[in-house]
Amino acid sequence: MKIGIVCYPTYGGSGVIATELGIELAKRGHQVHFITYAQPMRLDRFQDNIFYHEVEQPHYPLFEFPLYSLALAGKIIDVIRYEQLDILHVHYAIPHAISGYLAKEILKEEKNVQLVTTLHGTDITLIGLEPTFLPLVKFSLDQSDAVTAVSKFLADKTVTGFKTLHEPIVIPNFVDTKLYYRMECTKIRSQIAPNGEKILMHVSNFRPVKRIVDTIYIANEVLKTMPIKLVLVGDGPDRAEAERVSRELGIHEHVRFLGKQNALPEILSIADIFLMPSQSESFGLAALEAMACGVPVIGTNLGGIPEVITHSENGYIAELGDIKRMAKYAIDLLNHPRRWQEFSNKARQRAVEVYDISLIVPQYEALYESLVKN
Ligand code: GMT
């Protein structure tokens, strides 16, 4: 098939999933066309069957606001027309599903491209619910030929929040467990924790929903009982506040901000516990990547997180903001190496048996095939 993929190319789970999906589809012999405003982060090497089409922003003095949605629709029209796409798969509803619908409608006499929309998170749980966007999101979902959601939680939220005509199909996020596995990284480990300290880790874009300041408070509690290092990977708006709090608590020497990193499997491999204290998380891809590297996750009881982590088996679930409990879970695991090892094995096992790329990508392929046939 000829498949167009529209996504945000920057750091963030939806862009990662869209890019990894495209790469895997290309490996399976499909022709994949990425349509975005910049080269997707993980599309960093040549691969056969992959094409990249950059959306250019028109600059004109009259346009006080950039017209990205229209520029994107225009580029999609070009790609559908000249590349004869069978499928247009848009990731994150705003504005991609709306631009996709517009392009499909404009070309409907010429080419019947099938529009697939994948919902990822705040497009449904937060920004999509704003009165300005709600009718647009609902319309574009009802007009899509298929809508998928990355968790059962998100599918349910879509139906209740948008009264959509159809329930989204749940196709969960995935990880390539051949790339994400626990490796021996003694050098990085000894650089970060030179005295053999245990390592707590968090990876995100440091937006307020991620509650990274909670990770500082959790580390502060754990530090009262044992030496540890807290490693924060990523960057974003809440970094300054996290740094301020760690100084205020006097624990900044035990907190390392690594910034944005590409070598995630290596870095995750040095973690003993992964923290996900999010206030909203439709799935929690970062937690899944950690699990694939054998890292037990302590997360909140919100959104799709409990679908990924099995409490008391491969990680722990706590209430939002319950710092003491999350710290207690971490201390417990770190003090019991045998239990930690069991959790670590089970985390890896769940990633391999439920969420491996080889199990999930065929679900998208089957969906495309059924749409093209019909
Ligand atoms: O929804 C967002 O705000 C951003 C989005 C993204 O592009 O990273 O994140 C969501 O999609 C990821 C991939 O499906 C999920 O793993 C994240 O849980 C989800 N984020 C939220 O729900 C806050």
Side-chain angles (χ1 to χ4, degrees), residues 5-22 34 36-38 40-43 89-97 116-130 133 137 141 147-158 161-162 168-176 180 202-212 214 233-238 260 264 268 274-292 297 299-309 315 317 320 351 354-355 357 360-361 363-364:
I5 292 188
V6 176
C7 66
Y8 285 110
T10 46
Y11 276 88
S14 61
V16 169
I17 286 296
T19 311
E20 302 289 357
L21 172 64
F34 283 95
T36 66
Y37 60 81
M41 279 302 304
R42 292 200 184 176
L43 201 65
H89 189 170
V90 301
H91 291 259
Y92 202 90
I94 306 170
H96 302 154
V116 178
T117 299
T118 289
L119 305 171
H120 281 273
T122 48
D123 45 353
I124 292 303
T125 57
L126 210 69
I127 184 74
L129 292 170
E130 296 263 333
F133 292 129
V137 173
L141 298 187
V147 177
T148 76
V150 298
S151 63
K152 173 87 174 75
F153 157 82
L154 195 60
D156 293 346
K157 274 274 169 207
T158 309
F162 295 82
I169 302 159
V170 178
I171 302 185
N173 285 333
F174 54 83
V175 62
D176 187 341
Y180 280 76
H202 171 81
V203 181
S204 78
N205 45 21
F206 294 19
R207 287 179 307 156
V209 287
K210 304 291 177 183
R211 304 261 299 211
I212 61 158
D214 284 8
V233 184
D235 212 332
D238 276 1
K260 293 173 182 171
L264 270 183
L268 285 168
F274 188 89
L275 299 173
M276 182 168 269
S278 303
Q279 156 186 347
S280 163
E281 203 70 68
S282 68
F283 183 90
L285 181 63
L288 175 61
E289 290 179 340
M291 288 165 74
V297 180
T300 42
N301 185 19
L302 286 168
I305 297 177
E307 289 175 46
V308 181
I309 304 168
I317 301 285
L320 176 68
V354 182
Y355 296 111
I357 190 167
I360 309 297
V361 171
Q363 297 181 32
Y364 281 115

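Both counts, for ligands and for their atoms, begin at 1 and track the order of listing. All heavy atoms count here, side chains included; hydrogens, waters and symmetry mates do not. In this text the structure is predicted, and so the values were computed from the model without any measurement.
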Requested in this report: Look only at interatomic distance and state if Ser282 has a nitrogen or oxygen under 3.5 Å from any nitrogen or oxygen of ligand 1.
Outcome: yes

Query raised in the report: Do ligand 1 and Ile17 have nitrogen or oxygen atoms that lie under 3.5 Å from each other?
Result: no

Query raised in the report: Can you list the atoms of ligand 1 that are under 4.0 Å from a heavy atom of Ser14?
Result: 6 (C), 7 (O), 8 (O), 13 (C)

Report task. Answer yes or no: does an N/O atom from Phe283 fall short of 3.5 Å to an N/O atom of ligand 1? Result -> yes

Report task. Could you tell me which non-hydrogen atom of Asp123 sits nearest to which non-hydrogen atom of Thr118, and how far apart they are? Result -> OD2-O, 4.3 Å

Requested in this report: Just jot down the ligand 1 atoms closer than 4.0 angstrom to any heavy atom of Tyr92, in number order.
Outcome: 1 (O), 2 (C)

Requested in this report: Taking all non-hydrogen atoms of both residues into account, name the closest pair between Phe206 and Gly234 and its distance.
Outcome: CZ-O, 3.5 Å

**Report entry** From Asp214 atom CG to Leu320 atom CG, the distance as rounded to the nearest 0.5 Å
**Finding:** 7.0 Å

Report summary line: Within 4.0 Å of some non-hydrogen atom of Gly12, the atoms of ligand 1 are 8 (O)

Report task. Identify the two heavy atoms, one from Leu302 and one from Ser278, that lie closest to each other, and give their separation to 0.1 Å. Result -> CD1-O, 3.5 Å

Report task. Search all heavy atoms of Ala93 against all heavy atoms of Leu119 and return the closest pair with its distance. Result -> CB-CD2, 3.9 Å

Query raised in the report: For ligand 1, which atoms, with element, lie under 4.0 Å from some heavy atom of Gly121?
Result: 1 (O), 22 (O)

Query - Those residues that, when tested against Tyr355, pass ring-ring contact (aromatic ring centres under 6.0 Å, His included) (two or more places apart) - result: Phe283

Query raised in the report: Has His91 got any heavy atom lying under 4.0 angstrom from an atom of ligand 1?
Result: no

Query raised in the report: Does any N or O atom in Lys210 lie less than 3.5 angstrom from one in ligand 1, N or O only?
Result: no

Query raised in the report: Under 3.5 Å between some N or O of ligand 1 and some N or O of Thr125?
Result: no

Query raised in the report: Should the proximity of Tyr8 to ligand 1, defined as any heavy atom under 4.0 Å, be assigned to the side chain, the backbone, both, or neither?
Result: neither

Query raised in the report: Between Ser204 and Ile212, which heavy-atom pair has the shortest distance, and what is it?
Result: OG-CG2, 3.9 Å

Requested in this report: Kindly compute the distance separating SG (Cys7) from NE2 (His89), expressed to the nearest 0.5 Å.
Outcome: 10.0 Å

Query raised in the report: Can you find an N or O of Leu285 that's nearer than 3.5 Å to an N or O of ligand 1?
Result: yes

Report summary line: To the nearest 0.5 Å, atom CD1 of Ile127 lies from atom OG1 of Thr122 at 8.0 Å

**Report entry** From Thr125 atom OG1 to Glu281 atom CD, the distance as rounded to the nearest 0.5 Å
**Finding:** 9.5 Å

**Report entry** Proximity of Asn173 to ligand 1 by residue part, where a heavy atom lies under 4.0 Å
**Finding:** side chain

**Report entry** Contacting atoms of ligand 1, where contact means under 4.0 angstrom from a heavy atom of Gly13
**Finding:** 6 (C), 7 (O), 8 (O), 12 (C), 13 (C)

Query raised in the report: Quick check: does Asp123 get an N/O under 3.5 Å from an N/O on ligand 1?
Result: no

